[in-house]
Amino acid sequence: MTTAVSLAIAPVAGRIGARIDGVRLGPDLDPETVTAIRDALLRHKVIFLPGQHHLDDAAHAGFARLLGELTTAHPTVPAVDGTANVLPLDAEAGGKANQWHTDVTFVDAPPAFSVLRAVTIPPYGGDTSWANTVTAYEELPPTLRELAERLWALHSNLYDYAALKPEASAADQAHYREVFTRINFETEHPVVRVHPETGERSLLLGNFAQHLLGVPKADSAHLIDLLQSHVSRLENTVRWRWSAGDVAIWDNRATQHYAIDDYGDQPRRMHRVTIAGDVPVGVHGQRSVSRTGDATAYHA
């Protein structure tokens with residue numbers, strides 16, 4: 001991964017995350033800088049570009065399109081008014097994602113990249129953390145790594161929301177029932193996927209992973225918790241304190257993230273655009289399989 005453009009890149013944490021300064025994002029960004037950003041993204045898994053106050057939804061989506069074909073905003077959640085590709089994540093409308101997850105793994109081809117822009121940020125709290133699922137896999141004990149490579153998980157957008165989020169408000173619960181799960185999606189994914197660009201292996205789990213195929217329910221839950229604990233070890237994570245206008249871009253094929261819900265009733269609004277990804281492939285060459293729900297309109 002080489003490029004003629006040299007960016008001002010500063011790592012934020014030891015295993016994941018870097019800050020890039022001196023770049024003005026937009027749909028007219030030159031190809032050399034786009035290549036440099038993409039290279040940094042593949043290397044650091046998540047990159048932060050502060051102070052992009054000039055971006056509106058159209059310019060946000062226009063820049064994201066330089067990284068690849070866009071998905072629609074979400075398989076079930078409506079886009080920002082007047083757009084097809086911009087997803088509003090509004091805390092006041094049930095948009096809190098305070099669980100470790102990889103975006104939209106309940107479909108057969110989850111996004112390759114996500115581009116998130118801070119619109120309204122509370123005066124305190126509301127940070128987001130990301131985890132490196134490549135180093136999580138690489139640091140598994142060899143026996144556990146070999147086991148993970150043989151496992152498959154069923155991912156779904158339909159799960160026990162009340163059990164996972166007992167603190168959820170009535171509005172949050174209604175949003176989940178009426179919007180997020182209005183179409184049920186289920187997909188079988190390998191627990192270990194091979195990155196199509198870097199060749200790295202990573203753990204494909206997160207809160208949409210409901211159970212392991214062919215494994216009894218109780219054992220499945222223990223194994224998922226065990227593997228997930230390696231993902232979310234603090235050494236594998238980076239935490240970003242948002243300011244309005246900040247942009248974060250992450251490789252959805254090599255990360256999980258968690259929006260920290262510690263800001264009470266204060267407003268917090270983010271806009272997200274996602275770049276279409278490929279169908280995950282396991283270490284033995286098998287591709288993920290859609291079981292329920294047609295996501296063609298989302299990632300076509």
Side-chain angles (χ1 to χ4, degrees), residues 15-17 41-42 44-47 67-68 71 73-77 87 89 95-116 128-138 140 148 151-159 164 180 185-198 200-212 223-225 227-233 236-240 248-260 270 272-282 287-290 293 295 298-299:
R15 298 182 183 176
I16 179 175
L41 181 54
L42 293 175
H44 296 285
K45 315 307 182 195
V46 57
I47 55 176
L67 296 174
T71 69
H74 191 273
T76 62
V77 182
L87 178 70
L89 300 171
K96 294 185 176 182
N98 57 324
Q99 295 181 59
W100 285 108
H101 66 286
T102 297
D103 283 335
V104 200
T105 59
F106 48 84
V107 303
D108 56 339
F113 303 124
S114 294
V115 184
L116 187 65
T128 302
S129 289
W130 284 263
N132 187 334
T133 57
V134 172
T135 53
Y137 161 82
E138 291 173 345
L140 290 174
L151 295 173
W152 283 65
L154 181 73
H155 291 238
S156 176
N157 62 327
L158 186 62
Y159 54 89
L164 287 174
F180 194 78
F185 291 93
E186 292 182 335
T187 301
E188 297 175 4
H189 287 303
V191 169
V192 179
R193 70 171 295 180
V194 179
H195 196 289
E197 296 185 68
T198 67
E200 295 173 317
R201 298 180 180 186
S202 65
L203 294 177
L204 177 51
L205 288 169
N207 76 305
F208 297 124
Q210 301 303 296
H211 63 83
L212 300 175
L223 281 171
I224 289 175
D225 286 347
L227 293 170
Q228 184 63 37
S229 71
H230 285 268
V231 174
S232 57
R233 284 184 61 204
N236 282 331
T237 67
V238 64
R239 178 166 172 162
W240 185 254
I249 312 170
W250 61 93
D251 188 340
N252 200 53
R253 302 161 296 185
T255 59
Q256 291 182 21
H257 57 283
Y258 187 117
I260 300 168
M270 319 290 281
R272 190 186 77 194
V273 177
T274 48
I275 289 86
D278 56 302
V279 175
V281 177
R287 290 161 55 90
S288 298
V289 178
S290 175
Y298 167 65
H299 56 59

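Under the 3.5 Å distance criterion, the side-chain polar atoms of Thr237 are left unmatched by any main-chain donor or acceptor of Trp130. A donor-acceptor distance shorter than 3.5 angstrom exists from the side chain of Tyr258 to the backbone of Asn98, with no hydrogens or angles considered. Using a distance-only test at 3.5 Å, with no hydrogens or angles considered, a donor-acceptor pair links the side chain of Ser202 to the main chain of Arg253.
For the side chain to side chain donor-acceptor pair (under 3.5 Å) test with His155, the passing option among Asn207, Asp108, Thr105 is Thr105; the others fail. For the side-chain contact (heavy atoms from CB on, under 4.5 Å) test with Pro280, the passing option among Val194, Leu204, Val192 is Leu204; the others fail. Only one option out of Thr128, Asp103, Asn252 pairs with His257 in a side chain to side chain donor-acceptor pair (under 3.5 Å); it is Asp103.
The shortest non-hydrogen separation linking His44 to Ile16 is O-CG1, 3.5 Å. Minimum heavy-atom separation, Phe208 to Asn157: CD2-CA, 4.4 Å. When every heavy atom of Ser129 is checked against every heavy atom of Ile260, the shortest pair comes out as OG-CD1, 3.8 Å.
Distance check: Thr198 OG1 to Lys45 NZ gives 5.5 Å after rounding to the nearest 0.5 Å. Atom CG in Leu41 sits 6.5 Å away from atom CD1 in Ile249 (nearest 0.5 Å). To the nearest 0.5 Å, atom CH2 of residue Trp250 and atom CH2 of residue Trp240 are 13.5 Å apart. With rounding to the nearest 0.5 Å, the separation of CZ in Arg193 from CG in Leu205 is 12.5 Å. To the nearest 0.5 Å, the span separating OG1 on Thr255 from CG on Leu203 amounts to 12.0 Å.
Between the side chains of Thr274 and Thr71, at least one donor N or O sits under 3.5 Å from an acceptor N or O.
Partners of Leu154 under the side chain to side chain contact (heavy atoms under 4.5 Å, CB included) rule, at least two apart in sequence or in another chain, are Glu186, Glu188, His211, Leu213, Arg291. Shown here are the side chain to side chain donor-acceptor pair (under 3.5 Å) partners of Asn236, two or more places apart in sequence or in another chain: Arg15, Thr135.
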